[in-house]
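No experiment lies behind these values; they were computed from the predicted model shown. Numbering of ligands and ligand atoms starts at 1, following listing order.
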Amino acid sequence: MPRSVKTAVFPVAGLGTRFLPATKSVPKEIMTLVDKPLVQYAIDEARAAGIEEFIFVTSRGKSALEDYFDQAPQLEQSLEAKGKTELLDVLRKTNMESGAIAYIRQTQALGLGHAVWCARRLIGDRPFAVILPDDVIAADTPCLQQMVEAYQETGGNMVATMEVPADKASAYGIVDIAEDMGSIVSVKGMVEKPSQEEAPSNLAVIGRYILTPKVLTNLEEGKRGAGGEIQLTDAIAQEITDSDNVYGFRFAGQRFDCGSKAGFLQATVSFALSRPDLAPELQDFLQELSFASKAAE
Ligand code: G1P
């Protein structure tokens, strides 16, 4: 099996109900952190890791996503005519090469495992990555790139992981650690959304995966797991054998849960503070706010 990873799957079929009413007409993945849609962060990370084929698993109401990745010739012409070269550059960076991007519909909301399985024919018989755009990771070396590098050593299946507080385990897939080698851990079990008591560790799966096509075969069985859904975690867990072929990877970076409002706001503030064009004004504002709230105490 080759250890190059050229294909990534982006499950974006969710309804985004936590962001209603915004998501009544705007797909959650188009919502912006500072000035870039969530999905652009995911694409940029995938590109940095050497991904060349991008598969989006979408659903009804997500056509704005397809438009977003299309070229915008009128807009380009108008920016060109006005000599706005910087903006033109920003715009062009979002263009996807013809044929590099594919959309497939998940017609029933049966879970993350099912969403990935919907892409099986496009993935074929190659290792592939999965990126959940809700998990935004700020890192010097983009998270998937770190994983692709580690995967050169391990092969097999790899999931991004990070430590979470015990009372938050039930929101994640949790790994059972066989051997802890620092940034790489070998995994002897995985449980999707366990109760705090049942969690085998506090090492949670975060939305970046490098998987073998065998996981797609496991998904074929359509077994229901936590929440009555077809879980990706369960199909990966099925790959745990004596040959140690499931690994957790502790990435370096800060993860924001942009599927929650609090996480989305934290990411917005943090990303804005890292931007030289925005940081000074925002810092002043945050300072004023904190003075005002202290004064009111
Ligand atoms: C999904 C996965 C879960 C993982 C989480 C990370 O859950 O099923 O294993 O820990 O993403 O964000 P979701 O958040 O979609 O419920």
Worksheet item: Within a distance of under 4.0 Å, is there any protein heavy atom near atom 15 (O) of ligand 1?
Response: no
Worksheet item: Is the closest side-chain donor-acceptor distance between Gln40 and Asp44 under 3.5 Å?
Response: yes
Worksheet item: With a 3.5 Å cut-off and no angle check, do the side chains of Gln106 and His114 form a donor-acceptor pair?
Response: yes
Worksheet item: Is there a heavy atom of Arg255 sitting under 4.0 angstrom from any atom of ligand 1?
Response: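 True for this residue.
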Discussion item. Does the residue Thr233 have a heavy-atom contact with ligand 1, meaning some pair of atoms that are separated by less than 4.0 Å?
Written reply: yes
Practice prompt. State yes or no: do Met96 and Ile30 share one hydrophobic cluster built from I, L, V, M, F, W and Y residues joined by side-chain heavy-atom distances below 4.5 Å, directly or via other members?
Written response: yes
Fill in: Single-linkage hydrophobic cluster, 4.5 Å side-chain cutoff, Val191 and Val185 together
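Per the 4.5 Å side-chain linkage, Val191 and Val185 are not co-clustered.
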Discussion item. Do the side chains of Arg275 and Asp35 get close enough for a salt bridge, i.e. N-O under 4.0 angstrom?
Written reply: yes
Discussion item. Using a strict threshold of under 4.0 Å (side-chain N to carboxylate O), is an ion pair present between Lys193 and Glu229?
Written reply: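 Salt bridge absent between Glu229 and Lys193.
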How close does the nearest protein non-hydrogen atom get to [atom], and which residue and atom is it?
| atom | value |
| --- | --- |
| atom 2 (C) of ligand 1 | Glu192 OE2, 3.6 Å |
| atom 12 (O) of ligand 1 | Asp135 OD2, 2.8 Å |
| atom 5 (C) of ligand 1 | Val205 O, 3.9 Å |
| atom 11 (O) of ligand 1 | Leu132 CD1, 3.4 Å |

Worksheet entry | Results of side-chain hydrogen bond (donor to acceptor under 3.5 Å, both in side chains) for Asp134 - residues two or more places apart only | Lys28
Discussion item. Out of Met162, Arg208, Lys193, Gln231, who is nearest to atom 7 (O) of ligand 1 when you count heavy atoms only?
Written reply: Lys193
Discussion item. Checking the N or O distance criterion of under 3.5 Å, is ligand 1 in contact with Gly207?
Written reply: no
Response to the item:
residues 93-107 vs salt bridge (Lys or Arg N to Asp or Glu O under 4.0 Å), sequence neighbours excluded, gives Asp89-Lys93
Worksheet item: What do we get for Asp134 next to ligand 1 when only non-hydrogen atoms under 4.0 Å count, side chain, backbone, both or neither?
Response: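 Under 4.0 Å from ligand 1, Asp134 contributes no heavy atoms.
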Item to complete: Please state which part of Glu229 comes within less than 4.0 Å of ligand 1, counting heavy atoms only: side chain, backbone, both or neither.
Response: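 Under 4.0 Å from ligand 1, Glu229 contributes no heavy atoms.
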